[in-house]
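Down below is the structure, laid out as structure tokens.
Residue numbers begin at 1 in each chain, while the letters A, B, ... track the order of the sequences.
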2 protein chains.
Amino acid sequence: MSLAHAILGMLQKQPMTGYELKTQCFDDSIAHFWQADQAQIYRTLDKLAEQGFVESRLEVQEDRPNRKVYSITDAGRAEVHRWLLTEQPLPTIREPFLVQLFFAGQLDNTQIIAMLEQQLKAHEQQLATYRAIPLPSFDNPNMTRELTFQRMTLEAGLSNEQACIDWLRDCIAHVKRM
Amino acid sequence: MSLAHAILGMLQKQPMTGYELKTQCFDDSIAHFWQADQAQIYRTLDKLAEQGFVESRLEVQEDRPNRKVYSITDAGRAEVHRWLLTEQPLPTIREPFLVQLFFAGQLDNTQIIAMLEQQLKAHEQQLATYRAIPLPSFDNPNMTRELTFQRMTLEAGLSNEQACIDWLRDCIAHVKRM
DNA sequence: ATCTTATATATGACTAAACATATATAAGAT
DNA sequence: ATCTTATATATGTTTAGTCATATATAAGAT
């Protein structure tokens with residue numbers, strides 16, 4: 001499961017709590033290719049602990065709730081390495097908007113243009129979010145090997161969103177000519 | 001749920017069995033934006049029948065198993081129309097390959113190039129599959145209103161795959177220069 | 001004074017989807 | 001002769017993911 005491996009990958013860099021994984025990793029740096037619910041993160045951490053891939057230690061705090069800090073084990077590191085070399089399947093595609101568009105012929109052109117424009121707006125918003133992610137570009141002097149691959153995943157998101165926006169604009173132009 | 005509405009949408013054109021929906025719709029004309037398991041199609045048909053959106057009649061066959069032919073009801077048609085005007089959420093993105101690439105820095109460049117090339121091959125294959133889908137292009141004299149919107153959903157798949165392939169080629173070139 | 005936000009973990013309940021398998025018959029291939 | 005493929009429907013089980021909610025405290029906002 002990719003979620004488990006994403007968590008292991010993040011814990012390889014530094015020990016973290018479930019809360020930090022959620023707020024600092026899944027809501028930020030990897031949100032553009034993997035989204036995860038808080039409940040699922042905690043339950044996956046439990047499962048990883050059972051499997052011996054992570055271990056936790058309780059950090060008592062006085063003014064705030066106690067933290068359960070997870071660190072990766074040697075077995076966990078080995079598991080990440082093994083998994084990195086496995087072939088990943090293409091993601092299953094399920095696009096609610098395309099289901100709508102497929103059957104859109106029975107609507108008025110004005111209604112179709114409205115739905116295309118709403119979708120365009122959402123993707124422009126998404127693109128803006130990706131652009132705001134602070135990752136050095138490939139030619140930046142601060143670029144490291146690690147950040148290079150993180151940047152590549154961001155480039156994937158950027159180019160996908162751009163392609164989607166171009167396609168939506170073409171669709172709108174096409175319907176306006178109908 | 002989009003699956004239920006995709007089924008209703010297909011049944012609007014003609015009554016069909018679960019088997020036909022699977023083999024002639026979900027494996028063919030809409031496979032590029034919605035994939036569905038046989039078990040899920042049958043169970044969704046049951047649910048749609050309970051809700052009164054479809055009804056079935058048993059067609060007895062002698063040399064083959066009996067068919068259960070589903071047709072859409074007036075309530076089902078109304079439901080499709082209502083749903084066509086609802087705003088669809090952007091699909092949640094979960095790309096196993098990007099999780100790998102994000103953490104790929106710890107592999108050798110040759111290993112990384114191999115995984116990028118494997119992924120490229122898979123997407124080129126996917127693009128070829130999309131190109132083989134027999135839908136008239138926008139300027140084709142046989143183009144109808146209905147097919148125009150089906151063609152648009154295919155164009156979305158084609159441009160997405162192309163963007164993905166371009167991105168993968170850039171990544172490979174980049175790693176080769178590292 | 002009261003409400004919201006941030007910090008932090010946990011569980012119950014549910015839905016969507018995936019995977020396996022059962023049943024039944026005929027045609028065609030090895 | 002035996003195996004596979006096509007036709008056709010159905011169910012059991014499991015996994016992944018979502019949504020709601022519980023608990024607890026402090027800081028900051030209205």
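Rounded to whole Å, atom P of C:dA17 lies 9 Å from atom NZ of B:Lys47. Rounded to whole Å, the distance from CD on B:Gln38 to P on D:dT9 is 9 Å. Regarding B:Tyr19, its OH atom lies at a distance of 5 Å from the C1' atom of D:dT7, rounded to whole Å. Distance OH (B:Tyr70) to P (D:dA8): 14 Å, rounded to an integer number of Å. Regarding A:Lys22, its NZ atom lies at a distance of 13 Å from the P atom of C:dT7, rounded to whole Å. Distance, A:Met1 CE to D:dT14 C1': 13 Å, rounded to whole Å. As a whole-Å value, the separation of A:Gln40 CD from C:dA10 P is 16 Å. Rounded to an integer number of Å, the gap from CD1 of A:Ile41 to P of D:dG17 is 11 Å.
At the heavy-atom level, A:Thr23 lies nowhere under 4.0 Å from the strands shown. Note on B:Ala36: nothing from the nucleic acid sits closer than 4.0 angstrom, heavy atoms only.
A salt bridge is defined here as a Lys NZ or Arg NE, NH1 or NH2 lying under 4.0 Å from an Asp or Glu carboxylate O, and A:Lys121 with A:Glu124 fails to meet this definition. Taking a cutoff of 4.0 Å between a charged side-chain nitrogen and a carboxylate oxygen, A:Arg67 and A:Glu20 qualify as a salt bridge.
The aromatic rings of B:His174 and A:Phe138 sit tilted, their planes meeting at an angle between 30° and 60°.
In this structure, A:Asp37 and B:Asn66 both approach DNA chain D, and ranking their closest nucleotides by distance from the 5' end singles out B:Asn66.
Figure legend. C:dA29 is base-paired to D:dT2; pairs are counted as Watson-Crick or G-U wobble with both atom distances under 3.5 Å. When both pairing distances are held under 3.5 Å, C:dA16 makes a Watson-Crick or G-U pair with D:dT15. Pairing of D:dA22, defined by two Watson-Crick or G-U wobble distances under 3.5 Å, is identified with C:dT9.
Of the side-chain N and O atoms in A:Lys68, one or more sit less than 4.0 angstrom from OP1 or OP2 of C:dA10. For the OP1/OP2 pair of D:dA10 and a distance below 4.0 Å, the side-chain nitrogens and oxygens of B:Tyr42 include no atom meeting the criterion. Between A:Arg94 and C:dA17 there is a side-chain polar atom (N or O) within less than 4.0 angstrom of OP1 or OP2.
With distances taken from any side-chain atom of B:Trp34 to the nucleotides C:dA17, D:dT9, C:dT9, the minimum falls on C:dA17.
The base of D:dG12 lies close enough to the side chain of B:Arg43 for a donor and an acceptor atom to sit less than 3.5 Å apart.
At a cut-off of 3.5 Å, with distance as the only test, no side-chain donor of B:Thr153 or B:Glu155 sits close to an acceptor on the other residue.
The aromatic ring centroids of B:Phe102 and A:Phe33 lie less than 6.0 Å from each other.
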